[in-house]
Structure formats: C-alpha cells, structure tokens
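Read the numbers this way: they start at 1 and go in the same order the structure lists the ligands and their atoms. Bear in mind that the values here come from a model prediction, so they are computed numbers and not experimental data. Only this structure's heavy atoms are used, side chains among them; waters, hydrogens and symmetry mates stay out.
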Amino acid sequence: MGSTFDTTPCREQDLGKFEILERDGVARIGRLFTKHGTLQTPMLLPVVNPNIRTIEPREMWDEFGVQALITNSYVIWKHEKLKNPALKEGVHKLLDFPGIIVTDSGTFQSYVYGDIDVGVEEIVAFQRDIGVDIGTMLDVFGRPDQSIEELKEAVEQTVKRALPSLVEAGSDLLLNGPIQGGLHTSLRSESAELMGSVNGPFRGFSVHPIGGIVPIMEQHRYLELARIILAVRKTIPVNRPIHMFGCGHPMLFPMCIALGVDLFDSAAYALFARDGRLLTPDGTVRIENLKEWPFTSRVLNGISPSDVRAMEKNARTDLLARYNLEATQAELARCREAVRSGKIWSLVEQRSHSSPELREAFLFLKEHLMGENDSSKSQIVFSSSPVRPGSERWTEDSISRPHLIHANRLIRERWTPPLSDWKGESITNPELLLITSGRPPWRDSVKNDVIRALFHNPSLIPIIQTPNGLLPFDLEDWAPLCHIQASENTWSSLSSPSNDVLKSLGFDSQNIHHLTSSDESIDKEDRIRIFEWLEFSQISAKCSVLLGASRKMTSDWLDGMTVGRSSTGRIRNVFTSDGRHVLSPRLHDGGISLTNEGAKDLHSLGSGTPRLVLKSDAIPYVQDGRNVIHGFIEDVDENIAPGLACLIQDSSGNLIAHGISRCLPSEIRSFSKGIAVRVRGGIKSDDSQ
Ligand code: GUN
C-alpha cells in the first residue's frame, strides 16, 4: 500500500501548535505540528510494546495508514537491550517507524504493578534523548475507587511535576500533560485548568491526555466517561488537542470525537486479538460461534471464521490484530468524514445503540444539550454552525443535534413577528397561523393557502409545525430546519406546540388559527401585494436571525427594495431603493450572503452583527480579501460563532472586511494558527464611508 504521510519536520515556529481545518461543533479535523510531520486528527495511536510487536511498526506505516504510534519509554528505559540502541540511534530507528512517535512514561505500569524506579525528570530526559516527538510526563494515576482526598493528591502531585517536566523536555520534545481526578468532575475541571496553564521555558503542554480512565472503560461506565470529557472541555485551553489515554474501542470514537476528543491510543487491537475478540463499531464480536464475518475486511478476505479458529494461536492473534487495527482505522475514517459532512451527532446516535451503557451515556448527553445552559453545553451548541446544506434524517434523538438546538435557539432569541401587515398597518396583536399541512418546500406546497388566509386576516403570522419544532414561514427554506427526512406518519402525528413554546415566539396560546385549504381565488393585485409582503418578511427575518439586525432596522434599511430573480422566480439579489446590491439569499442552504455594500450599511447602522477588531499589520491583506488568520485579532464580540457572518474592523472602528466566522470567541483568543474568518469581501479605506 505505502504510506502517503509526509514526515518532513514542521517549521521551527510551528512546533507543537495545533490548527483546526474543519469542524462540526467541537468535533474537529485538525493538525498538530511535529518534527516528523503534521499529525492529522482525530487519530488513534496504536500501542506498540517494544518487546512484543504483534504487528511490526513498519507494516503499520506501510499497510495500515498509521501515521503515529505510541510506545512506552519506561519499558525501553528498563531493558538494556532496548535502551542502548535507542540512546545511540534514536527511537525511530529502534522501532523502524518513519512517522510520529509518542511515548508514555511509566505511570500506567505504576498503576498495574505498584511503584516504579524512575525519576520525574529522568524519564522526560530519556524521552528527549531518544528523539521522541511527543513524550509524557510522569503523572500520578487517579483510580475511580479512590477517595476524593487521594484523587486530589494525585492531581496536585501531577501539577507539581508539570513545570520540572517541561523544563527537562527542552525545546524539541513536545509533552503530554495528563488530566487526572477520577470520577470527580470538579477535580477533572480543576486538573485541566491547572495543567493547561503551566508554562515551560519553551511552551506549555502540547497535548492533554485524559488519564485514569482505563478502569472506567473496563467497567463500561460510559456515562461517567462522557461527564469527565465535558468537565475537562470546560477548562482545557481550546487550542490544545485532547487525548483519551487507553481508549481504543471503535464504538466509543463517535461520542468522544463529538465531545471534542482529538486523539486515542490503545493496545485493544492486540489484546482483544489474543482472546479471539473482534472490534467492531457495534461492539465486540467473539469468533467462537461465527459462521461468516458480519462485516467486510481486507485482512480477512478469503479466510473463514472456522479457518481462523483452526490456526495456531500466535498466527491467529497476528491475523486478528490486523483485522482489529483495520476496523479501528476504518471507524476513525468514518468519524472524520462525519465531521466533514456535519453528521458527527447522527453517527453518535447510531453508535449509541451498540451497548446499553453507551445508550445511557447518549441519553444523558441528549438531556444535557437540551437542558439548562452550562458552559460545556454552550461550547458544543454555539460552535455548531446553524446554517448548513443538506437534509436532516429525523429520529427520536435528532432534536438534540447541537446545530438544530443552535438554530432553534436563534429563532427563539432573535425572531420576532413582522412589524406591519401586507396592507401597511402595524401588527399590534400578532395571531398565529399554524401550518400542519403541506410538506417542504412550503413555499410551493402551502403558498396559496397562506395568501388566502392573510387576505382574510392580515394580522396572521404563518408558522410551520415540523418534527424539529416550529419554523416561522419566513424562514421556510433555512437548512437544516427545512430539509427533513421523516416518514408520513411522523409528520401526521406531531403533537400540538406547548403554551411555553408559543409564548417564546410571542404568541397567545388562546388565539391559534389553523391553515386550511380551499379553491377560493384572490384578486391578482392583492395576491401580488401579499406575496411581496411575504418575500420582504423573509428577507427581514433572515437579517434578524442570521445577521442580528432587527426587523425594525431591516425594514427602514430595505424600504423600497427591488430584487433580481432566479429562473424559477426565487429572489437572488436584493437592492436598496437607491439601486445598490446589498445581499443575496442563498438558495442551497437558505442563508444570506452580504455584499460589501450590505456590510457597509450594517456597519454604519450599528446592527447587532458581531464584530472583530483586526491588528494593524493584517489590515492590508484582509482589505485585499485574504482570510483572517489567528494571531492577528485584537478583540472580538462574544456573539461571534462558526457559520455566521461578522464584520471586521480596525481599532478605530473603520470597516475593513466582512466574512463568515469559523470559530468561537474563546478560540479566537487562544489559537495562533489557522483561519479564523473566511473573508467574503475586503473593503479599502477609500471604499468605506
Ligand atoms: N495510560 C493509561 N492511562 C494512563 C494515565 O492515566 N497516565 C499515563 N501516563 N498513561 C496512561
């Protein structure tokens, strides 16, 4: 097969930095810069026991697409036959592996066998001297059965050892800073905060593994695992990758990745193989009773389960370990693709059925995401772009997908009924017109009935009832809320919206009208007036919900607007009354794209569109239309969010550009690599007013 990974060392100034390339909420496709290439994440580091080597590291590299592995520096240090060649020729030569080598420090051995005989600085110096890319400090393992006092001690001891370890690591060895704290979420948060803030002479920790979780996973306590990840996420620096120490079962990957985990390591592929267990994304399968393989596999192609059972033990272990590694790699690839296509939470839902404990963890997360605000929930929800093309497959769980929660929340917080009706009268008492008939696209299926209803009662505000909640008719083409794949039964058995939901949109629950169908014809002129009112309402609704410009501001701004249309009659471009093209509704996702003129207007009108202040040295580039890069931002509004528009200005408040954010404010404050905002238009100073 041959590896496609590049082992060229990164630039000196990038060493240890992490960059996000793509995201679905806090799930991210990233890269970490090392001396043996940039590590793609999410990624699993297979554990290589330097004494056993079930699969040769070179074969992992050549045949299994393994870019990075983890081995144990304590085991190498302990055995002269490994230690001397490692010190002489380096760990890459020792293992015959050209990619990235991560090492652990002996902490796990101390958990399994008791005290170990190596010093805190000594083991870091050894990792440095054998040329490891990412080493691990000697942390203190916190077990789930320990008392809070003992766990506190483990956290404190680990923190005490952090700075001496970073000093010993020197300039070239990147270090893992493990997070301990057992099952205590407050201790986990505290540990993450303390470890995340330690600064060495060259850098802080480059990766934060969550430690002490092997016994938790062995006991299938996945709900507690999810709680621990949430607690760590709250306080860990957002620009550092998170690693799950000893987590290697593929069924756990989607949940962990959706919660923001970037790295995994595990010996499970080899350990499970030894006793005839196969790793699959749906759980573990034993070979004993299999007649056929319940999956496809390159490694097992042409060999039957009974052939495998008849094999000599070592040969069987070798073969099954290869299958396990293949299955692990395949599930990670599936997770990465799910992140790229915005479907990581759908995959979490699917995999949650792999075990009762995993389902329990998922149901806890569902409730957590849909419940009260908490900073770990906010990060997950607000980092999930609420505008995305494609359809949403409805399930009983789909309402808890973070991007849908985000979109529904924008409706609740920013959407208000139009200010005046199609006759130009103020709407003082909006009455709800509930649409339960028709299917998307509603602009085709119920338009005539809506026009008829508005003709008879101009104070009606049409709202569609969908399996994902109430959708104002003036946002009817907003993906993901509009493209719902659901059975006819699901549509026809939706229960009526609760009073609270109606109230949150500003309606009195006593006064609900239901859309009915009829053939009555309406005078052409009135039809056109109502239709144009609906179109205007759609533009102003999107400006409120997606750009933060209120209905009132948009109504004044776009009073007398004219439009250009697509061949099917939908609005393509919106012009102000003086003929300037200011925005374009996007037909593929229902979003709205500003032009430079539109951005200038919103800037001068003081709309609620989030702003970002650029450092002066980046201004000429961004004015030329280049993207805003992390590290060049002076200040940012709190409401900036991935997928939503923002205005970019200089420190005197002049508009420089506008674009679509790729991150949250906390990320803008901490990342120093990668794109922060995709610029859609640069504005030169003679251009802006
Ligand atoms: N491997 C599995 N768990 C741990 C842990 O808590 N610390 C270290 N250093 N290695 C581990």
Asp265 side chain reached by Val102 side chain, heavy atoms, under 4.5 Å: no
In short, His208 meets Gly196 closest at the heavy-atom pair NE2-CA, 3.7 Å
Is the positively charged end of Arg298 above the ring of Phe64, judged by distance under 6.0 angstrom from the centroid and angle within 45° of the axis? yes
Indicate whether the side chain of Thr158 and that of Gln180 have a donor and an acceptor atom separated by less than 3.5 Å. no
Protein residues having a heavy atom less than 4.0 Å from any atom of ligand 1: Asp104, Ser105, Thr107, Phe108, Thr136, Asp139, Phe141, Gln180, Gly211, Gly212, Val214, Phe245
Does the side chain of Glu326 pick up a donor-acceptor pair with the side chain of Ser297 at under 3.5 Å? yes
Centre of Tyr111's six-membered ring, under 6.0 Å away, within 45 degrees of the axis: is that where NZ or CZ of Arg143 sits? no
